[in-house]
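Along the sequence shown, the residues carry numbers beginning at 1. Whatever order the structure lists ligands and atoms in, that order sets their numbers, starting from 1.
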Amino acid sequence: MTETVATTESPEETFEVAVALARRNPEASLFYLHGDLGAGKTLFTKGIASFHGIDPGEVTSPTFALVQRHSGGKRLLYHIDLYRIDDERELAELGIEEMEEEGAVLVVEWAEKLGRRLREDAIDVSLEVASENRRRIQIRCP
Ligand code: ADP
Ligand code: MG
């Protein structure tokens, strides 16, 4: 496992950290994102999506939908936000295994809510708000 830490000073820099991570791991299919509201998880998802040829403008914070499917890129990408997930039954209904079977890229916000479903082979990203425009980003690659 390798661990890297980056500090970004702007939203654009965080986006670029995400693009670079996806570029270094083009075959990776599972990204876990952690961090408080406003930490930059959705922005980070935009960067991963952008590397895979998806318009980052299409990637938004899902207010109602827990899962957004982006099929316009080189790889299919599912953006999953578990913020509103409360129990195992709701988690099971999302059908994450089926998405994996499609060979899609999965990006999961609030991944810690996966509980016993957390996988060791995911790329794990924790974003921490250091100040208004500064984020500390810790990346663990298996
Ligand atoms: P989350 O999905 O974690 O709730 P978002 O990605 O939706 O967070 O929002 C992050 C917010 O923080 C955006 O408004 C963004 O402009 C702002 N921001 C300010 N500085 C940074 C930075 N260095 N990295 C990421 N986002 C930043
Ligand atoms: Mg978000």
Short N/O/S contact of S61 with the Mg ion (ligand 2) (below 2.8 Å): no
Heavy-atom nearest neighbour of atom 21 (C) of ligand 1 within options G38, G35, P11: P11
Pair I123-N25, side chain to side chain contact (heavy atoms under 4.5 Å, CB included): steps then yes or no: CA-CA 9 Å; I123 294 180; N25 300 276; 3.7 Å; yes
Any protein heavy atom < 4.0 Å from atom 14 (O) of ligand 1: no
D36 neighbourhood, listing ligand 1 atoms whose heavy-atom distance to it stays under 4.0 Å: 3 (O)
Protein heavy-atom partner closest to atom 23 (N) of ligand 1 - residue, atom, separation in Å: N133 O, 2.9 Å
Under 3.5 Å side-chain donor-acceptor pair for E112 and Y32: no
contact_flag K46 ligand 1 heavy-atom lt 4.0 Å: no
Identity and separation of the nearest protein heavy atom to atom 7 (O) of ligand 1: T42 CB, 3.6 Å
Atoms of ligand 1 close to L37 [distance to a heavy atom under 4.0 angstrom, numbered from 1]: 4 (O)
Whether L33 lies under 4.0 Å from ligand 1, heavy atom: no
Residue E109, metal the Mg ion (ligand 2), N/O/S under 2.8 Å: yes
Pair E100, S29: side-chain N/O donor-acceptor within cut-off below 3.5 Å: no
Side-chain donor/acceptor of D36 to backbone N/O of A39, under 3.5 Å: no
R135 to ligand 1, any heavy atom closer than 4.0 Å: yes
OG on S50 to CZ on R23, rounded to 0.5 Å: 9.0 Å
Nearest neighbour in protein (non-hydrogen) for atom 26 (N) of ligand 1: L43 CD2, 3.6 Å
Side chain to side chain contact (heavy atoms under 4.5 Å, CB included) evaluation trace for L66 with L94: CA-CA 8 Å; L66 300 172; L94 292 178; 3.9 Å; yes
Sidechain N-carboxylate O distance under 4.0 Å for R117, E97: yes
salt_bridge(R116, E88) N-O dist < 4.0 Å: yes
Side chain to side chain contact (heavy atoms under 4.5 Å, CB included) assessment of F44 paired with V125: CA-CA 9 Å; F44 205 92; V125 180; 3.9 Å; yes
Heavy atom of the protein closest to atom 5 (P) of ligand 1 (residue, atom name, distance): G40 CA, 3.8 Å
Cation-pi geometry met for K74 and F51 (6.0 Å, 45°): yes
Enumerated ligand 1 atoms positioned under 4.0 Å from heavy atoms of E132: 19 (C), 20 (N)
Test item, A39 contacting ligand 1 (heavy atom, 4.0 angstrom): yes
Where ligand 1 meets E109 - atom numbers and elements under 4.0 angstrom, heavy-atom basis: 2 (O)
R69/E58 salt bridge by N-O under 4.0 Å criterion: no
Close-contact set for ligand 1 against S10 heavy atoms, below 4.0 Å: 21 (C), 22 (C), 23 (N), 24 (N)
Nearest neighbour in protein (non-hydrogen) for atom 24 (N) of ligand 1: T14 OG1, 2.6 Å
